Novice: 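This structure is in structure tokens; I'll ask about it shortly.
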Amino acid sequence: MSPRKAGRRKAPESFSVEKAHAAQLAMSKHVITEDHLPNEIRHVAGVDVTYTKDQSISVVVVLNHESLSINEYKVAYTKTKFPYVPTLLSFRELHPSFASIKKLEQHPDVFLVDGQGIMHQNRLGFASHLGLVLKAPTIGVAKRPLTGKVGEYNEANWAPITDKNDIIGAALLTERSKKPIYVSVGHMISLKRALDIVKHYTNDHRIPKPLRIAHRLVTKERRKLQKVE
DNA sequence: GCGACAG
DNA sequence: ATCTTGTCGC
């Protein structure tokens with residue numbers, strides 16, 4: 001079976017959705033859902049990707065955890081090699097993201113990623129897949145749910161999301177927004193810690209600051225590119 | 001079997 | 001996600 005048409009690129013002929021799903025399930029066994037990061041966080045990154053006709057543009061921005069100011073950011077342009085297929089987002093966004101991240105001069109303590117972590121049918125959303133590749137802590141932050149059942153909201157304004165008796169993430173209600181954001185463990189972090197970090201960057205907004213900045217920069221880069229095309 | 005489905 | 005103007009709300 002071939003992936004449904006999406007985006008400009010076609011998946012390679014040799015590609016199979018079934019094999020990709022099996023690979024996700026195998027890789028998910030290596031995901032660590034406990035804290036393997038410093039107690040004192042200094043730098044947090046945000047990663048985002050945007051697309052033109054046939055190019056992917058990725059931005060990674062690193063914020064100072066204390067001051068919330070931008071420490072450094074990098075941009076990478078790569079050729080788009082894979083279409084968007086629901087449940088297979090990482091196959092599209094991993095390479096462009098990796099390209100920008102490897103340009104960083106510092107190693108952030110944790111990466112906020114635009115998409116799901118283990119809140120995924122095969123427990124391997126983009127954030128988890130990226131974490132495994134980087135061997136670094138990652139957190140999935142999605143604007144819409146992908147799978148799981150939303151439970152009751154608690155005092156801290158988040159509701160657990162479960163699937164087959166597993167807590168796979170949380171719907172987090174922020175200050176002035178009716179719509180929750182969907183937070184899940186990417187890699188090398190606990191859900192509790194992931195929520196604390198996301199909340200730290202969510203003051204007054206729905207989307208945490210590292211991702212807002214990354215999205216703003218990536219859009220700016222795309223506009224620049226499209227002007228000369 | 002059918003539909004829904006992160007970005 | 002992207003293509004797009006005005007417009008409603010804080």
Side-chain angles (χ1 to χ4, degrees), chain A residues 1-11 17-18 20-21 24 27-28 31 46-60 76-100 111-131 138-150 161 163 168-172 174-187 194 198 203-208 210-212 214-227 229:
Chain A
M1 183 188 287
S2 64
R4 87 182 197 206
K5 187 183 175 186
R8 291 281 179 172
R9 314 303 311 180
K10 290 177 184 169
V17 171
E18 288 74 14
H21 283 162
Q24 288 178 327
M27 285 188 280
S28 74
V31 170
V47 190
D48 196 15
V49 185
T50 191
Y51 301 90
T52 61
K53 267 161 57 119
D54 50 12
Q55 290 207 90
S56 303
I57 307 162
S58 171
V59 163
V60 57
Y77 302 85
T78 53
K79 188 181 178 201
T80 302
K81 295 183 176 172
F82 204 84
Y84 170 65
V85 180
T87 72
L88 300 182
L89 178 65
S90 68
F91 289 78
R92 179 169 169 82
E93 306 219 326
L94 196 56
H95 287 296
S97 301
F98 188 77
S100 64
F111 291 83
L112 297 188
V113 182
D114 202 349
Q116 313 290 357
I118 62 172
M119 195 167 140
H120 177 278
Q121 288 84 345
N122 297 314
R123 304 293 183 267
L124 198 89
F126 173 39
S128 296
H129 196 164
L130 182 63
T138 57
I139 299 170
V141 181
K143 294 177 285 299
R144 304 193 328 231
L146 177 62
T147 191
K149 293 175 190 166
V150 183
I161 295 181
D163 186 31
I168 56 176
L172 175 65
T174 56
E175 321 300 304
R176 44 166 41 169
S177 180
K178 281 295 175 190
K179 267 190 183 179
I181 51 173
Y182 299 84
V183 178
S184 60
V185 169
H187 186 42
V198 170
N203 285 338
D204 212 32
H205 291 272
R206 178 167 177 251
I207 307 299
L211 288 178
R212 287 202 311 273
H215 191 260
R216 182 170 65 68
L217 292 172
V218 98
T219 302
K220 192 168 121 190
E221 291 297 325
R222 176 165 48 76
R223 299 263 152 84
K224 259 166 45 180
L225 198 67
Q226 288 175 330
K227 268 190 180 177
E229 269 181 359

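The chains referred to below are lettered A, B, ... by the order of the sequence lines, with proteins before strands, and numbering in each begins at 1. Computed from a predicted model, the values in this text were never measured in an experiment.
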Novice: Between the side chain of A:Gln24 and the main-chain N/O of A:Gln121, is any donor-acceptor distance below 3.5 Å?
Specialist: no
Novice: Is the phosphate of B:dG7 approached by A:Arg92 (side-chain N or O, under 4.0 Å from OP1 or OP2)?
Specialist: no
Novice: Verify the contact: side-chain N or O of A:Lys143 to OP1 or OP2 of B:dG7, cut-off strictly under 4.0 Å; return yes or no.
Specialist: yes
Novice: Would you say A:His205's side chain and A:Ile207's backbone share a donor-acceptor pair under 3.5 angstrom?
Specialist: no
Novice: Taking atom P of B:dG7 as reference, at what distance in whole Å does atom CG of A:Asp48 sit?
Specialist: 10 Å
Novice: Mark yes or no for whether A:Thr80, through its side chain, and A:Ser56, through its backbone, hold a donor-acceptor pair below 3.5 Å.
Specialist: yes
Novice: Between the side chains of A:Tyr84 and A:Glu93, does any donor sit under 3.5 Å from an acceptor?
Specialist: no
Novice: Would A:Arg92 pass as a cation-pi partner of A:Phe126, given that its NZ or CZ must be under 6.0 Å from the six-membered ring centre and within 45 degrees of the axis?
Specialist: no
Novice: Using only side-chain N and O atoms of A:Tyr84, determine if any of them is under 4.0 Å from OP1 or OP2 of B:dA6.
Specialist: yes
Novice: Looking at A:Ser184 and A:Gly169, would you say the former's side chain and the latter's main chain have a donor-acceptor pair under 3.5 Å?
Specialist: no
Novice: Please give, in whole Å, the distance from B:dA6 P to A:Asp163 CG?
Specialist: 16 Å
Novice: For DNA chain C, write out the stems as range with range, using runs of 3 or more consecutive Watson-Crick or G-U pairs with both distances under 3.5 Å.
Specialist: none
Novice: Taking NZ, NE, NH1 and NH2 as the nitrogens, is one of them in A:Arg123 or A:Asp163 under 4.0 Å from a carboxylate oxygen of the other?
Specialist: yes
Novice: Quick one: A:His215 NE2 to B:dA6 P, roughly how many Å, whole number?
Specialist: 15 Å
Novice: Roughly, in whole Å, what's the span from CD in A:Gln55 to P in B:dG7?
Specialist: 23 Å
Novice: Nearest whole angstrom, please: distance from the C1' of B:dC5 to the CZ of A:Phe126.
Specialist: 17 Å
Novice: Nearest whole angstrom, please: distance from the P of B:dG7 to the CD1 of A:Ile181.
Specialist: 11 Å
Novice: Name the first nucleotide and the last nucleotide along DNA chain C (5' to 3') that come under 4.0 Å of a heavy atom in chain A.
Specialist: C:dA1 to C:dC10
Novice: Show your working on side-chain hydrogen bond (donor to acceptor under 3.5 Å, both in side chains) between A:Arg206 and A:Thr174 and close with a plain yes or no.
Specialist: CA-CA 6 Å; A:Arg206 178 167 177 251; A:Thr174 56; over 6 Å; no
Novice: So what does A:Thr50 touch, heavy atoms closer than 4.0 Å: a base, only the sugar-phosphate, or nothing?
Specialist: sugar-phosphate
Novice: What's the CD1-P distance between A:Ile57 and B:dG7, to the nearest Å?
Specialist: 18 Å
Novice: Specify the separation, in whole Å, of atom NE2 of A:His95 and atom C1' of B:dG7.
Specialist: 17 Å
Novice: With a cut-off of 6.0 Å (strictly less than), are more than 12 heavy atoms of other residues, nucleotides or ligands near OH of A:Tyr77?
Specialist: yes
